[in-house]
Number of protein chains: 2
Amino acid sequence: MLEFAILGLLHQSPMHGYELRKQLAQILGGLRSISYGSLYPALKRMHAAGLISTEEPDPHALLPADAPPLTGRRGKVVYTITAEGKERFHELVCDSGPEAYDDGGLFGVRLAFFRHTASDVRLRILEGRRRTVERQREGLRSSLARTRERLDHYTLELQRHGLESVDREVRWLSELIDTERRGAAGGAPPETPGGSPPSTK
Amino acid sequence: MLEFAILGLLHQSPMHGYELRKQLAQILGGLRSISYGSLYPALKRMHAAGLISTEEPDPHALLPADAPPLTGRRGKVVYTITAEGKERFHELVCDSGPEAYDDGGLFGVRLAFFRHTASDVRLRILEGRRRTVERQREGLRSSLARTRERLDHYTLELQRHGLESVDREVRWLSELIDTERRGAAGGAPPETPGGSPPSTK
DNA sequence: CCTTCGATGTATCGTCTCGATACATCGACA
DNA sequence: TGTCGATGTATCGAGACGATACATCGAAGG
């Protein structure tokens, strides 16, 4: 999931780790931001896999006498997506398997980069997500119906609020699906990089 | 957080790990259940800390000849809360510090065991939680206002839905607070174990 | 009768994530 | 001049997670 988000952000422009984290936090919705303890290892993995390239200033340049003990001495590192990384991003973007919607976190990131995804794939992901959330809702419903009598006020309120949240999410997804279906013919199919541009324009 | 939930459950009755996990999943709201990889180490830690005691059937009893190689040979383990564990639980239950509401997961568990918490502490926790969520809401709001023009349809919808969810949570908390305030005089102050029972009965 | 299946049940492993922290530079403001 | 907060890179230990192994038992079904 982190991999996907990083590729998506670097796909737009190269960035520092710090900037990456800020943008990430915004995508993830303000709450639930990502920590450096996840970000930097992920960047390291992706660099090792050849998905991104790093560009850091020469560590030992223009240092005449080294009066400070030069411990640390870190420079800014700019991360850039490679051709391989773009390829990987497009694989991920076109994937509509269950992993795309079963996890809420990944689904959110997928949504944030939906403009890179074809309309039919978008529809499959949205519908898959709705099915997942509907299953959760049914589980919650039956659990609540089974235990309603034994629960005190606060536990009951907790379950009720959770159920309503899930319910609202289903309705929200349904609206998105409707919009997507209606706009399917008219929406701009985004970014077919090597493809032939459609006749219009 | 896990520690709190386990103590709370064992406070009601001794249990197996398996049963513990099921109850835990129900408290956590169906989604977001706890895994064995978290549960058993937690139980081990708590046993080492003296908060719970284990009761397992004698491993080498009534085995005349050991025809099976007896590898594994696990028996059911019943976990029981100790006096020390009950003490720890009451400390946690009376704690209304920021850690009780800043983390949504712990707050949910706290709610699930609110019947063990005095009304004034309940009120402090609910109000703290509301302040936390309100801060999140303001962050989301300003972020959304700042970037509304640059966002595509789906990113916008994602942020909007997130903001509405947070907004609903604030309203829900406000209702809980109102109820708690109104019921403060009449609500049963629960479970003062060594304390003096109030004059009424 | 026997066998397979799912629920119950305990437990560990490797991988990853998180929060805290350390270190360093820079501009702003007092 | 000092010192504060934002920017910036990076690691550490604690612990959570998913997958998996192993084991028992009752019920369904050939």
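In the text below, chain A, chain B and the rest are named by the order of the sequence lines, each starting its count at 1.
- Rounded to whole Å, the distance from CD on A/Glu19 to C1' on D/dG8 is 11 Å.
- Counting only heavy atoms from C-beta on, B/Tyr18 has its side chain closest to C/dT8 among D/dA6, C/dT8, C/dT17.
- Side-chain contact between A/Arg182 and A/Asp178: present, with at least one pair of heavy atoms (C-beta onward) separated by less than 4.5 Å.
- The distance between atom CG of B/Leu39 and atom P of D/dG15, rounded to the nearest whole Å, is 15 Å.
- Taking the six-membered ring for Trp, B/His116 and B/Phe89 have ring centres closer than 6.0 Å.
- Nucleic acid contact for A/Leu2: none, since no nucleic acid atom lies under 4.0 Å from a heavy atom of the residue.
- One can place CG of A/Leu24 at 10 Å from P of C/dC18, the figure rounded to the nearest angstrom.
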| field | Step-by-step side chain to side chain contact (heavy atoms under 4.5 Å, CB included) determination, B/Glu3 to B/Leu51 | value | CA-CA 10 Å; B/Glu3 182 187 345; B/Leu51 302 176; 3.5 Å; yes
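- Distances were taken from every side-chain heavy atom of A/Ser38 (C-beta onward) to each of C/dA11, C/dC18, C/dT12; the shortest belongs to C/dC18.
- Distance from the side chain of B/Tyr36 is smallest to C/dT12 among D/dC17, C/dT12, D/dA6.
- Distance from the side chain of A/Ile34 is smallest for C/dC18 among the nucleotides C/dC18, C/dG9, D/dG8.
- Nearest to the side chain of B/Val77, among C/dG9, C/dA11, D/dA16, sits C/dA11.
- When heavy atoms are screened at a 4.0 angstrom cut-off, B/Arg21 is found touching no nucleic acid atom at all.
- Note on A/Gly17: only backbone sugar-phosphate atoms sit closer than 4.0 angstrom, heavy atoms only; bases stay farther off.
- The listed nucleotides are C/dT12, D/dG8, C/dT8; the one nearest the side chain of B/Lys22 is C/dT8.
- For the pair B/Arg110 and B/Tyr101, the cation-pi criterion (under 6.0 Å, within 45° of the ring axis) is not fulfilled.
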